[in-house]
Engineer: 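Before I ask anything, here is the structure I am working with.
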Amino acid sequence: MTERARWIRRTSTKRPITVAGRPASSTDPATWSTFAEAKASHAGIGLGFVLGDGIGCIDLDHCFIDGALAGWAAEYIRSVSEPVIFAEVSQSGEGVHLFIEAPEAPGRKIRDGRNIERYTAGRYIAVTGNKLTL
């Protein structure tokens, strides 16, 4: 992921911005930067990665109980068939982002008592770098 120029900065309201602090777009590569540029920038409050070009994200919300990964989440993570590039705890501390190798496809949401979303294009994900140890 760090080798691809698909990085942006983000505001506290999760709005994507460029490294210069101007509005960014998850569909306009002219507003994206390299990882080094995004990391060095002080615009906004953190980093984001624009999905696509073979990289997607599965976002599991509210999946920690008393600081431990819930059983349903661990089971779901084990069931993911795509190669996982990086797994991290989300900015809320209550969710997980699984960055995966995946072709671009329509997004999906699972709302059956679990809150799972899968996106592979046209979106960006806030990146914390807080690695999830499985």
Side-chain angles (χ1 to χ4, degrees):
M1 289 173 47
T2 57
E3 296 174 359
R4 299 179 192 221
R6 300 184 74 88
W7 293 88
I8 51 99
R9 299 287 298 179
R10 60 185 172 82
T11 66
S12 60
T13 59
K14 295 187 182 180
R15 188 173 52 87
I17 56 174
T18 67
V19 295
R22 292 185 299 275
S25 168
S26 61
T27 58
D28 182 0
T31 64
W32 310 342
S33 299
T34 66
F35 175 73
E37 291 167 333
K39 187 175 178 185
S41 172
H42 296 289
I45 65 161
L47 298 171
F49 184 83
V50 178
L51 303 176
D53 193 25
I55 298 179
C57 184
I58 299 172
D59 181 8
L60 292 80
D61 290 333
H62 311 293
C63 59
F64 286 94
I65 299 171
D66 296 326
L69 190 62
W72 69 264
E75 182 179 323
Y76 184 86
I77 291 168
R78 285 191 297 272
S79 77
V80 171
S81 60
E82 298 96 346
V84 175
I85 298 166
F86 182 66
E88 69 172 11
V89 177
S90 68
Q91 64 183 349
S92 70
E94 297 180 1
V96 170
H97 295 153
L98 299 175
F99 290 94
I100 57 172
E101 291 179 18
E104 293 184 11
R108 291 192 317 233
K109 294 181 181 183
I110 299 172
R111 302 285 196 261
D112 59 358
R114 303 174 295 174
N115 190 359
I116 302 170
E117 299 176 12
R118 182 184 190 279
Y119 299 107
T120 55
R123 301 243 179 183
Y124 92 92
I125 301 293
V127 178
T128 65
N130 185 5
K131 186 176 179 179
L132 175 69
T133 305
L134 301 174

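Because the structure is predicted, anything quoted here is derived from the model rather than measured.
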Engineer: Hey, does the side chain of R6 reach the backbone of M1 with a donor-acceptor pair shorter than 3.5 angstrom?
Structural biologist: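 No; judged by distance alone, with no hydrogens or angles, the pair does not exist.
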Engineer: Quick one: do the E88 and T128 side chains pair a donor with an acceptor below 3.5 Å?
Structural biologist: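 T128 and E88 do have a side-chain donor-acceptor pair below 3.5 Å.
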Engineer: Any side-chain heavy atom of F49 within less than 4.5 Å of one from I8?
Structural biologist: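 Sidechains of I8 and F49: no contact.
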Engineer: Nearest 0.5 Å, please: how far is CD1 in I125 from OG in S26?
Structural biologist: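 Answer rounded to 0.5 Å: 10.0 Å.
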Engineer: How many angstroms lie between OH in Y124 and SG in C57, if you round to the nearest 0.5 Å?
Structural biologist: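 One gets 12.0 Å once the value is rounded to the nearest 0.5 Å.
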Engineer: If you define the side chain from C-beta out and look only at heavy atoms, does anything of W7 sit under 4.5 Å from T34?
Structural biologist: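 Answer no - side chains too far apart.
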Engineer: Before accepting this row, confirm whether a basic side-chain N of the pair R118/E82 lies closer than 4.0 Å to the acidic partner's carboxylate O.
Structural biologist: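 Answer for the salt bridge query: yes.
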Engineer: Quick one: does S33's side chain have a donor or acceptor within less than 3.5 Å of a partner on E37's backbone?
Structural biologist: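 Side chain of S33 to backbone of E37, a donor-acceptor pair under 3.5 Å: no, none is there.
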Engineer: Quick one: side-chain hydrogen bond (donor to acceptor under 3.5 Å, both in side chains) partners of T2, sequence neighbours excluded?
Structural biologist: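 T2 satisfies side-chain hydrogen bond (donor to acceptor under 3.5 Å, both in side chains) with no residue once adjacent residues are dropped.
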Engineer: What residues form a side-chain hydrogen bond (donor to acceptor under 3.5 Å, both in side chains) with E101, not counting sequence neighbours?
Structural biologist: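 None.
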Engineer: Indicate yes or no: at least one non-hydrogen side-chain atom of N115 is less than 4.5 angstrom from one of L60.
Structural biologist: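 The answer is no, as the side chains (C-beta and beyond) never meet within the 4.5 Å cut-off.
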Engineer: Evaluate the side-chain proximity of L69 to F64: yes if any heavy-atom separation is below 4.5 Å, no if none is.
Structural biologist: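 F64 reaches L69 side chain to side chain.
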Engineer: Between S41 (side chain only) and V19 (backbone N and O only), is there a donor and an acceptor less than 3.5 Å apart?
Structural biologist: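 Yes, S41 side chain to V19 backbone: donor-acceptor pair under 3.5 Å.
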Engineer: Could you state the interatomic distance from CZ (R10) to CD1 (I45), rounded to the nearest 0.5 Å?
Structural biologist: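 Reported to 0.5 Å precision, the distance equals 4.5 Å.
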Engineer: Do I100 and I55 have side-chain heavy atoms sitting under 4.5 Å apart?
Structural biologist: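 I100 does not reach I55 side chain to side chain.
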Engineer: Would you say that I77 contacts L132 through its side chain, given a criterion of any heavy-atom pair below 4.5 Å between the two side chains?
Structural biologist: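 In short, these two side chains touch, coming nearer than 4.5 Å.
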Engineer: Is E117 salt-bridged to R123, cutoff N-O under 4.0 Å?
Structural biologist: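 Answer for the salt bridge query: no.
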